[in-house]
Amino acid sequence: MWLQRQGGTLRDKKLKALTEILGTPYRSGDEYLFNCPYCEHHKRKMSINLDKNYYKCWACDTSGRNIYWLVRRFGEHQHKALWRDLTASIDFHVLEDLFEPKVHSEPALALPEGFLSLATRNIPPTGFRARNYLRKRGITKQDITWWKIGYCCEGEYAGRIIIPSFNSSGDLNYFVSRAYDDKVYPRYKNPSASRNIVFNDLFVDWSSNIILVEGVFDAIVAGKNAIPLLGSTLNERSTLLQRIAKEDAGVYVALDPDAKKKELEIIRTLLNFDIEVWKVNIGDYEDIGTMSKAQFQKCLDNAALITQEDYLLLTLAMSV
């Protein structure tokens, strides 16, 4: 192809033009993070995917499905001319995608049949075992109230603690259930709903740093601004990652000792998006859920700020 013979691939030429217009980017997977020319955020929040011809700023929510709009508005004449040459062919699949109406809706989720709140002053006798189970785990009445914890004594989730999650609009978007009755198996039974959420987004204080943990019982120990990953990790399509990037929140990563590989992947992803990261070391404890709040707070106070250089050292240490 003529353009390739002139030196570099189409992708290289596009990236060079964008770099001249927006400055030097970070690369994160298939996307490049530039400074946003709209909101001029001090960190690189403008995510551009050259393959999908898409851009979005995670700070001001400016987005578009044609990168040329950015080039046309912020570039010089030579950039516009070059981009038109580079994108002379028409991708009809993209056109169909542009004009086809899309409806995005989340399926309605309800608390399980027989759900009863443990946050009320007077609970029925059927709730005594559930409350005692929580007490043995060090979960206080204040915790129960904050996390809106309940239980089921009948139905599909009978014999289980229920911990609900609410999105930023206050709608139920997930719940975690854990058996408090030894005869109930499996221990965890969760709904067939997407885990690509921010657990309890409604109650997160995004003006403060957040704590990422593995499970919801870890989050209860870690504090009110802890968010459980629900067993998943972070990537460019993660709703949680997008929320963190948009809010520019600092993140404490506090995973169990047996999840070192996942922990490093999460730290790498956060650093690639120019997010401040601290690594929390819980020492010889098996997991955060077995710790007291005071024990975890001590570990949190001693968390280490991680830079790109620190990440490389951690990666090398793990490979030895």
- [ ] Please round to the nearest 0.5 Å and tell me the distance separating atom CH2 of Trp83 and atom CD1 of Ile67.
- [x] 5.0 Å
Task: Separation of Ser177 OG from Lys189 NZ (nearest 0.5 Å) - done: 7.5 Å
Open item on the list: So which atom in Lys13 and which in Leu82 form the shortest heavy-atom distance, rounded to 0.1 Å?
Closed with: O-CD2, 4.4 Å
Task: Verify same cluster id: Val184, Ile163 (apolar side-chain graph, 4.5 Å) - done: no
Open item on the list: As an exercise, state the distance from CD1 of Ile139 to CD1 of Ile161, rounded to the nearest 0.5 Å.
Closed with: 7.5 Å
TODO: Test Val251 against every option in Ile267, Leu241, Ile244, Leu234 by the side chain to side chain contact (heavy atoms under 4.5 Å, CB included) rule and name the one that passes.
DONE: Ile244
Open item on the list: Could you walk me through whether Leu270 and Ile306 satisfy the side chain to side chain contact (heavy atoms under 4.5 Å, CB included) test, starting with their C-alpha distance in whole Å, then the side-chain angles of each, then the deciding distance to 0.1 Å, before giving a yes or no?
Closed with: CA-CA 10 Å; Leu270 292 170; Ile306 303 297; over 6 Å; no
Task: Atom pair CG/CZ of Leu314 and Arg268 - distance to nearest 0.5 Å - done: 13.5 Å
TODO: Check for a donor-acceptor pair, side chain of Asp181 on one end and backbone N or O of Lys183 on the other, with a separation under 3.5 Å.
DONE: yes
Task: Whether Lys148 side chain and Trp146 backbone form a donor-acceptor pair below 3.5 Å - done: yes
TODO: Kindly assign one of parallel, tilted or perpendicular to the pair Tyr180 and Tyr133, based on the angle between their ring planes and the thresholds 30° and 60°.
DONE: tilted
TODO: Give a yes or no on whether Glu265 atom CD has more than 12 heavy-atom contacts from other residues, nucleotides or ligands under 6.0 Å away.
DONE: yes
TODO: Verify the distance criterion only: is there a donor paired with an acceptor across the side chains of Asn132 and Arg135 at less than 3.5 Å?
DONE: yes
- [ ] Report yes if some heavy atom in the side chain of Thr62 is under 4.5 Å from a heavy atom in the side chain of Cys39; otherwise report no.
- [x] no
TODO: Answer yes or no: is there a side-chain heavy-atom contact under 4.5 Å between Leu240 and Leu229?
DONE: yes
Task: Arg27, CZ atom: more than 12 neighbouring heavy atoms under 6.0 Å - done: yes
- [ ] Please answer whether the main-chain N or O of Thr307 pairs with a side-chain N or O of Asp310 as donor and acceptor at a distance below 3.5 Å.
- [x] yes
Task: Enclosure of Tyr185 OH (heavy-atom neighbours >12, cutoff 6.0 Å) - done: no
- [ ] Work out which heavy atom in Ala249 is nearest to a heavy atom in Ile275; give both atom names and the distance.
- [x] O-CG2, 3.3 Å
Open item on the list: Any heavy-atom pair between the side chains of Asp61 and Lys56 that's under 4.5 Å?
Closed with: yes
Open item on the list: Taking transitive links into account, so neighbours of neighbours count too, which hydrophobic residues share a cluster with Trp278 at under 4.5 Å side-chain distance?
Closed with: Ile211, Val213, Val221, Tyr252, Val280, Ile282, Tyr285, Ile288, Met291, Phe296, Leu300, Leu305
Open item on the list: Under 4.5 Å between side-chain heavy atoms, counting indirect links through other Ile/Leu/Val/Met/Phe/Trp/Tyr residues: same cluster for Leu15 and Tyr68 or not?
Closed with: yes
Which atom pairs, one a donor and one an acceptor, fall under 3.5 Å between side chains of residues 201-209 and the rest of the protein, sequence neighbours left out?
| unit_1 | atom_1 | unit_2 | atom_2 | d |
| --- | --- | --- | --- | --- |
| Asp201 | OD1 | Trp206 | NE1 | 3.0 |
| Asp201 | OD1 | Arg243 | NH2 | 3.2 |
| Asp201 | OD2 | Arg243 | NE | 3.0 |
| Asp205 | OD1 | Ser207 | N | 3.1 |
| Asp205 | OD1 | Ser207 | OG | 2.5 |
| Asp205 | OD2 | Ser207 | OG | 3.4 |
| Asp205 | OD2 | Ser208 | OG | 3.0 |
| Asn209 | OD1 | Gly250 | N | 3.4 |

Task: Heavy-atom closest contact (Pro124 atom, Leu116 atom, distance) - done: CG-CD1, 4.1 Å
Task: Minimal non-hydrogen separation, Asn35 against His41, with atom names - done: ND2-O, 3.7 Å
Open item on the list: Is it true that Asp12 and Thr9 share a donor-acceptor pair across their side chains at a distance under 3.5 Å?
Closed with: yes
Task: Side chain Arg160, main chain Arg187, donor-acceptor under 3.5 Å - done: yes
Task: Interatomic distance, Asp85 atom CG to Leu10 atom CG [nearest 0.5 angstrom] - done: 10.5 Å
Task: Side-chain heavy atoms of Asn53 within contact of Asn66, under 4.5 Å - done: yes
TODO: Kindly confirm or rule out a cation-pi arrangement of Arg178 over Tyr188, judged by NZ or CZ under 6.0 Å from the six-membered ring centre and within 45° of its axis?
DONE: yes
Task: Lys224, NZ: over 12 other non-hydrogen atoms inside 6.0 angstrom - done: no
TODO: Show your working on side chain to side chain contact (heavy atoms under 4.5 Å, CB included) between Asp274 and Tyr26 and close with a plain yes or no.
DONE: CA-CA 8 Å; Asp274 204 17; Tyr26 275 124; 3.9 Å; yes
- [ ] Would you indicate whether the side-chain heavy atoms of Ile266 and Val277 approach each other to under 4.5 Å?
- [x] no
Open item on the list: Main chain of Thr290, side chain of Asp287: is a donor-acceptor contact present, judged purely on distance under 3.5 Å?
Closed with: yes
Task: Side-chain donor/acceptor of Ser165 to backbone N/O of Phe175, under 3.5 Å - done: no
Task: Nearest atoms (heavy-atom pairs only) where Ser194 meets Tyr174 - done: O-CD1, 3.7 Å
Task: Heavy-atom pair with the smallest gap, counting every atom of Cys60 and Tyr38 - done: SG-CB, 4.3 Å
Open item on the list: One pair to check against side chain to side chain donor-acceptor pair (under 3.5 Å): Thr126 and Tyr151. What are the steps and the verdict?
Closed with: CA-CA 9 Å; Thr126 54; Tyr151 74 104; 2.6 Å; yes
Task: Worked check of side chain to side chain contact (heavy atoms under 4.5 Å, CB included) between Thr19 and Tyr32 - done: CA-CA 10 Å; Thr19 300; Tyr32 294 89; over 6 Å; no
- [ ] Would you mind listing the cluster partners of Tyr54? Hydrophobic ones only (ILVMFWY), side-chain contacts under 4.5 Å, chaining allowed.
- [x] none
- [ ] Taking Asp171 for its side chain and Asn167 for its backbone only, find out whether a donor-acceptor pair lies under 3.5 Å.
- [x] no
Open item on the list: Let me check something: do Leu313 and Tyr311 share a hydrophobic cluster, defined by ILVMFWY side-chain heavy atoms less than 4.5 Å apart, either directly or through other members?
Closed with: no
Open item on the list: Has Lys45 got a side-chain atom pairing as donor or acceptor with Ala245's backbone, closer than 3.5 angstrom?
Closed with: yes
- [ ] Would you check if there is a donor-acceptor pair between the side chains of Gln295 and Ser292 at a distance under 3.5 Å?
- [x] yes
Task: Beyond-backbone contact of Asn49 with Glu31, side-chain heavy atoms, under 4.5 angstrom - done: yes
Task: Asp218 (side chain) donor-acceptor with Gly289 (main chain) under 3.5 angstrom - done: yes
Task: Neighbour count >12 (heavy atoms, 6.0 Å) for atom NZ, Lys246 - done: no
Task: Distance in Å, Leu212 CG paired with Asn225 CG, rounded so as to fall on 0.5 Å steps - done: 10.5 Å
- [ ] Take Lys293 and Asp143 through the side chain to side chain contact (heavy atoms under 4.5 Å, CB included) test and state the conclusion after the steps.
- [x] CA-CA 11 Å; Lys293 292 182 177 66; Asp143 294 329; 2.7 Å; yes
Task: Salt-bridge contact Lys52-Asp30 (side-chain N to carboxylate O under 4.0 Å) - done: no
